[in-house]
Number of protein chains: 2
Amino acid sequence: MDDKKAQAFIKYINKYVSLTLAEETLLLTKVSYRKYLKGQYVVQQGDVCKNSGFVISGCTRTFFVNDEGEEHIVMFSIENWWASEIGSFVTQLPSDYNVQCIENTELIQLSYTEQEELFKAIPKLERFFRLILEKAFVASQKRIVKSFSLNAKEQYLQFKNQYPEVELRIPQYMVASYLGISKEFLSKIKNQLIIEE
Amino acid sequence: MDDKKAQAFIKYINKYVSLTLAEETLLLTKVSYRKYLKGQYVVQQGDVCKNSGFVISGCTRTFFVNDEGEEHIVMFSIENWWASEIGSFVTQLPSDYNVQCIENTELIQLSYTEQEELFKAIPKLERFFRLILEKAFVASQKRIVKSFSLNAKEQYLQFKNQYPEVELRIPQYMVASYLGISKEFLSKIKNQLIIEE
DNA sequence: AAATAATATTAAACTAGATTAACATTTATT
DNA sequence: AATAAATGTTAATCTAGTTTAATATTATTT
């Protein structure tokens with residue numbers, strides 16, 4: 001991993017807590033850098049998620065397959081986002097989700113065992129993880145609220161507005177899957193929006 | 001607040017971290033005990049949530065009112081649950097939700113400013129809050145998964161199965177609101193289930 | 001440049017769940 | 001005990017979104 005990538009990672013953490021130089025150095029010796037090709041899985045449904053990950057470049061989708069074999073996307077992650085299957089990572093129980101790269105993707109990963117060690121050496125990291133969990137929780141709650149109170153068109157417009165960069169990078173049927181609607185209906189909505197203008 | 005109530009609170013925290021006697025004593029001096037009557041609000045939509053709360057007795061509902069004036073319940077909390085509007089509490093931004101008592105309710109509350117102080121005195125509490133946030137996040141994600149992959153009847157059966165004590169204590173129209181379906185449709189579902197037996 | 005695979009569109013028929021409205025039952029209040 | 005308020009039921013009509021299936025477009029591979 002080159003220094004530029006390491007610095008992007010450190011910078012992200014320092015948005016939440018202030019690490020000393022010594023702590024930064026220690027942390028960097030404990031993380032690992034890994035490249036994935038488009039289509040590869042970072043975590044598979046049923047496996048325990050061993051690593052928490054920060055996206056240096058690329059894009060992942062987190063999805064699950066239900067009993068009927070249908071795929072449902074619950075989130076996307078792009079550069080400078082945390083992309084772990086947090087639920088499985090923190091509980092060390094089998095994951096309900098797959099995390100798959102939909103572009104070639106570079107991650108900086110921190111293993112569960114290393115993390116436990118690091119919490120002892122750098123207690124500030126405990127605070128860091130609490131803070132990003134808070135953020136993840138709030139985002140998750142907001143999604144529930146939206147799915148309750150907005151119809152499909154409104155949810156699409158919100159998504160487009162909130163993550164414009166994401167929408168441009170992923171196929172439309174994955175947007176539909178994220179919104180919980182059929183790809184045909186999303187196509188109809190987009191067409192309606194064009195007519196309305 | 002009597003000792004029995006204080007001990008229930010301490011016991012809950014000690015399920016996640018191990019407090020020393022001195023820490024328990026300090027913590028108890030920093031929390032406050034409060035009774036609410038049925039119908040009273042602990043937090044109102046638009047207000048900043050100043051307190052994090054533990055339910056000693058009673059039951060609360062967390063809900064929001066959308067632009068059309070419709071109420072949507074996002075969670076219930078009963079005895080021995082944490083019942084804060086976490087999103088607003090951790091960000092100290094106006095809450096998207098109301099927390100209302102649907103029975104006479106006793107809470108042990110910890111204010112945001114006290115919490116910040118306590119984190120310095122008892123760093124273990126930082127860990128405690130990370131752990132309950134993890135749990136809340138996982139539960140929130142599970143709700144998204146369910147709303148994606150189960151139909152109304154299946155979601156109702158899951159709810160009934162997961163929170164049998166809650167279902168018995170709250171009016172049926174609130175269950176419908178929690179599930180995101182109309183009260184008429186829930187009535188129909190329950191009738192179908194009786195016929196099927 | 002052709003062929004193949006992946007993605008997107010369109011339209012008709014269908015369904016889960018919403019809405020409306022009238023009525024029934026239970027709980028609380030005087 | 002009577003009245004009012006809150007909660008629950010039933011049935012008819014309606015609609016947002018699904019399903020199916022055929023076709024069109026765009027990207028990828030040879």
Side-chain angles (χ1 to χ4, degrees), chain A residues 37-40 59 61 63 65-73 76 100-104 144 146-160 166-197, chain B residues 37-40 59 61 63 65-73 76 100-104 144 146-160 166-197:
Chain A
L37 295 175
K38 179 175 175 174
Q40 283 189 311
C59 182
R61 64 173 181 142
F63 69 102
V65 181
N66 71 9
D67 297 341
E68 277 81 48
E70 300 152 346
E71 288 183 1
H72 296 281
I73 295 174
F76 299 103
Q100 185 189 29
C101 300
I102 55 184
E103 298 177 2
N104 292 339
I144 294 175
K146 277 177 205 159
S147 74
F148 260 123
S149 55
L150 303 180
N151 66 23
K153 190 198 240 172
E154 290 164 338
Q155 276 186 263
Y156 168 64
L157 288 171
Q158 278 252 187
F159 171 76
K160 204 179 148 77
V166 177
E167 204 214 346
L168 297 171
R169 277 162 74 165
I170 60 180
Q172 191 171 310
Y173 71 88
M174 287 193 187
V175 176
S177 173
Y178 176 83
L179 297 173
I181 61 176
S182 66
K183 59 195 200 316
E184 293 82 0
F185 193 51
L186 179 54
S187 179
K188 201 172 169 181
I189 287 170
K190 290 184 84 168
N191 191 249
Q192 271 175 28
L193 288 169
I194 291 165
I195 293 165
E196 278 171 20
E197 267 164 26
Chain B
L37 295 174
K38 179 175 175 176
Q40 284 190 308
C59 181
R61 65 172 181 143
F63 70 102
V65 182
N66 71 10
D67 297 341
E68 277 81 47
E70 301 152 345
E71 287 184 2
H72 296 282
I73 296 175
F76 300 103
Q100 187 189 28
C101 301
I102 55 183
E103 298 177 3
N104 292 339
I144 294 176
K146 276 177 205 159
S147 74
F148 260 126
S149 54
L150 303 180
N151 66 23
K153 190 198 243 172
E154 290 163 338
Q155 275 185 262
Y156 168 64
L157 287 171
Q158 278 253 186
F159 171 75
K160 203 178 149 79
V166 177
E167 205 215 347
L168 297 172
R169 279 162 72 165
I170 60 179
Q172 191 172 308
Y173 71 87
M174 288 193 188
V175 177
S177 173
Y178 176 83
L179 297 174
I181 61 177
S182 67
K183 61 195 198 317
E184 292 84 0
F185 193 52
L186 178 56
S187 180
K188 200 171 169 181
I189 287 170
K190 289 184 86 167
N191 191 249
Q192 270 176 29
L193 289 169
I194 292 165
I195 294 166
E196 278 172 20
E197 267 165 25

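Residue numbers begin at 1 in each chain, while the letters A, B, ... track the order of the sequences.
- Side-chain contact between B/Phe63 and A/Phe148 is absent, with no heavy atoms from C-beta onward closer than 4.5 Å.
- Rounded to an integer number of Å, the gap from CE of B/Met174 to P of D/dA6 is 12 Å.
- Candidate nucleotides D/dT9, C/dA8, D/dT18 were compared by shortest atom distance to the side chain of A/Ser182, and D/dT18 ranks first.
- One interatomic measurement links the two molecules: CZ of B/Phe148 to C1' of D/dT18, which rounds to 15 Å at whole-angstrom precision.
- Within the 4.0 Å cut-off from OP1 or OP2 of C/dT10, at least one side-chain nitrogen or oxygen of A/Asn191 is found.
- Looking at every heavy atom in both residues, A/Gln155 comes nearest to A/Leu179 through O-CD2, 3.8 Å.
- Atom pair A/Leu186:CG and D/dA16:P shows a separation of 17 Å (rounding to whole Å applied).
- One interatomic measurement links the two molecules: NZ of B/Lys188 to C1' of D/dT13, which rounds to 11 Å at whole-angstrom precision.
- Side chain of B/Asn104 to backbone of B/Lys38: a donor-acceptor contact under 3.5 angstrom is found.
- When rounded to the nearest whole Å, the span between CG of B/Asn151 and P of D/dA16 equals 21 Å.
- Residue A/Glu184 has its side chain nearest to D/dT19 when only D/dT19, D/dT10, D/dG17 are considered.
- The interatomic distance linking B/Lys190 (NZ) with D/dT10 (C1') rounds to 15 Å, in whole Å.
- When rounded to the nearest whole Å, the span between OH of A/Tyr156 and P of D/dG17 equals 15 Å.
- In this structure, B/Tyr173 and A/Leu150 both approach DNA chain D, and ranking their closest nucleotides by distance from the 5' end singles out B/Tyr173.
- Distance from the side chain of A/Ile181 is smallest for D/dG17 among the nucleotides D/dT10, D/dT19, D/dG17.
- For B/Gly180 and B/Lys38, each mapped to the nucleotide of DNA chain C holding its nearest heavy atom, the one lying further toward the 5' end belongs to B/Gly180.
- Checking D/dG8, C/dT7, C/dA18 against the side-chain heavy atoms of B/Gln172 singles out D/dG8 as nearest.
- Put simply, the side chain of A/Tyr156 reaches to within 4.5 Å of the side chain of A/Glu167, judged on heavy atoms.
- Residues A/Leu193 and A/Lys153 form a side-chain contact, since some pair of their non-hydrogen atoms from C-beta on lies under 4.5 Å apart.
- Taking atom CD1 of B/Ile102 as the reference point, atom P of D/dT7 lies 10 Å away to the nearest angstrom.
- Residue contacts shown for B/Phe185 include a base, since a base heavy atom lies under 4.0 Å away.
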